[in-house]
Amino acid sequence: MRRVRYESTGGPLFVEEAPVPAPGPGELLVRCAAVGVTLPMVRKVTEAAEPVPLGGEIAGEVVAAGEDVTRFRPGDRVTGLCFGHGYAEYALLHEAMASPVPDGADAVTAVALVRSGLVAWGTLEAARPAPGESVLVTAAASGVGHLAVQLARARGAGLVRGAVSGPGRTEAVTGRTKTEFVRSLGADDCVRYGDESWGDPVDCVLDAVGGGLLTPALAALAPHGRLVAYSSGGGTIKAYDLLVGAKSVIGFQMALIARGRPELYERWRQELWRLFAEGVLKPVVHGEFALEDAAAAHEVITSRANLGKVVLRP
């Protein structure tokens, strides 16, 4: 089979021939039809001290199942989070990380919707906006962000505001601005990170960026507001900035839910597919790339040029 690998921090990425792996206990062997490209994985390539397997979101067909697998069998279509080599024609997916793909949805839709949608849903659950409260979403044009904007609106937010990076390559490549794209998703307005003001204070901020953006994101909160941080970018917040406005910062990681609360994970997943079937939630795919073009897919993410999800097609 073909898979993407790299040998030193920063790449380059290359395609190699490798044996098809055999599923161990509790594992599924999946023939990958779509693979999601995420910022955390891009950062691992550029920042990890040693090369790591390129894993992440996959969707495809089960071709073999290991011992102790009870929920799936060969021929089933699944999507889920792969912790091993996922940028590949075949990948191993633990049964606990797998979800069925319903009839009427293809693999690309599954990759664009499920994992990113679960993160978006989970951040809203953590923020717990009351009906009518306002929500600001950073990285609002990203794979997670564009779904968070739609979900905030669907769940009754009184105002939904996006925040995005500068123009960069997006307009040149797509012919659309990020602000136009975010408004088309149902946001009431959209600001850029460098704007002098992010508008009236909001009740909740869902932050996917971290780092230096934490300060303006926290400043965008109204008194008693909640910021949910789910970025791999890190960052530091001063305790005084929390005290003066009685603000809260909440960390969120989807893997903890998937591993520790599988019943909750499954309930959220069913809600996402229901909203998709009703036409309320519409995942957007920025582009599809071959395995040989994985470096180009990573560059789209690195340059923040994407409007929606970036997908590899093995």
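Excluded from the calculations below are hydrogen atoms, water molecules and symmetry mates; all remaining heavy atoms, backbone and side chain alike, are included.
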When you measure from the side chain of [X] to the backbone of [Y], do you find a donor-acceptor pair of N or O atoms at a distance under 3.5 Å?
{"X": "S116", "Y": "L113", "answer": "no"}
{"X": "R274", "Y": "E278", "answer": "no"}
{"X": "T302", "Y": "E299", "answer": "no"}
{"X": "R115", "Y": "G80", "answer": "no"}
{"X": "R71", "Y": "P100", "answer": "no"}
{"X": "R77", "Y": "P102", "answer": "yes"}
{"X": "Y230", "Y": "I250", "answer": "no"}
{"X": "Q150", "Y": "K282", "answer": "yes"}

Side chain to side chain, [X] and [Y], heavy atoms closer than 4.5 Å:
{"X": "K238", "Y": "L218", "value": "no"}
{"X": "E16", "Y": "R2", "value": "no"}
{"X": "W121", "Y": "L275", "value": "yes"}
{"X": "V164", "Y": "R192", "value": "yes"}
{"X": "S165", "Y": "K178", "value": "yes"}
{"X": "F181", "Y": "H286", "value": "no"}
{"X": "L214", "Y": "D207", "value": "yes"}
{"X": "R304", "Y": "L39", "value": "yes"}

NZ/NE/NH1/NH2 to OD/OE distance under 4.0 Å, R269 and E271: no

Salt-bridge present (R267, E263; N to O < 4.0 Å): no

Atom pairs and distances, side-chain donor-acceptor, residues 47-66, under 3.5 Å, sequence neighbours left out:
from	atom 1	to	atom 2	distance (Å)
E57	OE1	K309	NZ	2.6
E57	OE2	K309	NZ	3.2

Ignoring hydrogens, what is the shortest heavy-atom contact between [X] and [Y]? Give both atom names and the distance.
{"X": "V111", "Y": "A34", "result": "CG2-O, 3.5 Å"}
{"X": "P314", "Y": "L291", "result": "CA-CG, 3.8 Å"}
{"X": "A294", "Y": "L312", "result": "CA-CD2, 4.0 Å"}
{"X": "A163", "Y": "C190", "result": "N-SG, 4.4 Å"}
{"X": "L92", "Y": "P23", "result": "CD2-CA, 3.7 Å"}
{"X": "A112", "Y": "V285", "result": "CB-CG2, 4.0 Å"}

Which residues share a ring pair (Phe, Tyr, Trp, His ring centres under 6.0 Å) with W273, sequence neighbours left out: F276

How long is the straight-line distance from [atom2] of [Y] back to [atom1] of [X], given to the nearest 0.5 Å?
{"X": "D241", "Y": "L227", "atom1": "CG", "atom2": "CG", "value": "11.5 Å"}
{"X": "M1", "Y": "E17", "atom1": "CE", "atom2": "CD", "value": "9.0 Å"}
{"X": "L272", "Y": "L151", "atom1": "CG", "atom2": "CG", "value": "6.5 Å"}
{"X": "R128", "Y": "S248", "atom1": "CZ", "atom2": "OG", "value": "13.0 Å"}
{"X": "M254", "Y": "L118", "atom1": "CE", "atom2": "CG", "value": "5.0 Å"}
{"X": "R161", "Y": "R183", "atom1": "CZ", "atom2": "CZ", "value": "10.5 Å"}

Cluster link V149 to L281, ILVMFWY, side chain under 4.5 Å: yes

ring-ring contact (aromatic ring centres under 6.0 Å, His included): pairs with one or both residues in residues 73-97, sequence neighbours excluded: Y87-H298

Test side-chain contact (heavy atoms from CB on, under 4.5 Å) applied to L307 and H146, step by step: CA-CA 8 Å; L307 301 179; H146 87 285; over 6 Å; no

K247, NZ: over 12 other non-hydrogen atoms inside 6.0 angstrom: yes

Residue pair L124, L206: steps toward the side-chain contact (heavy atoms from CB on, under 4.5 Å) verdict: CA-CA 8 Å; L124 282 163; L206 311 182; 3.8 Å; yes

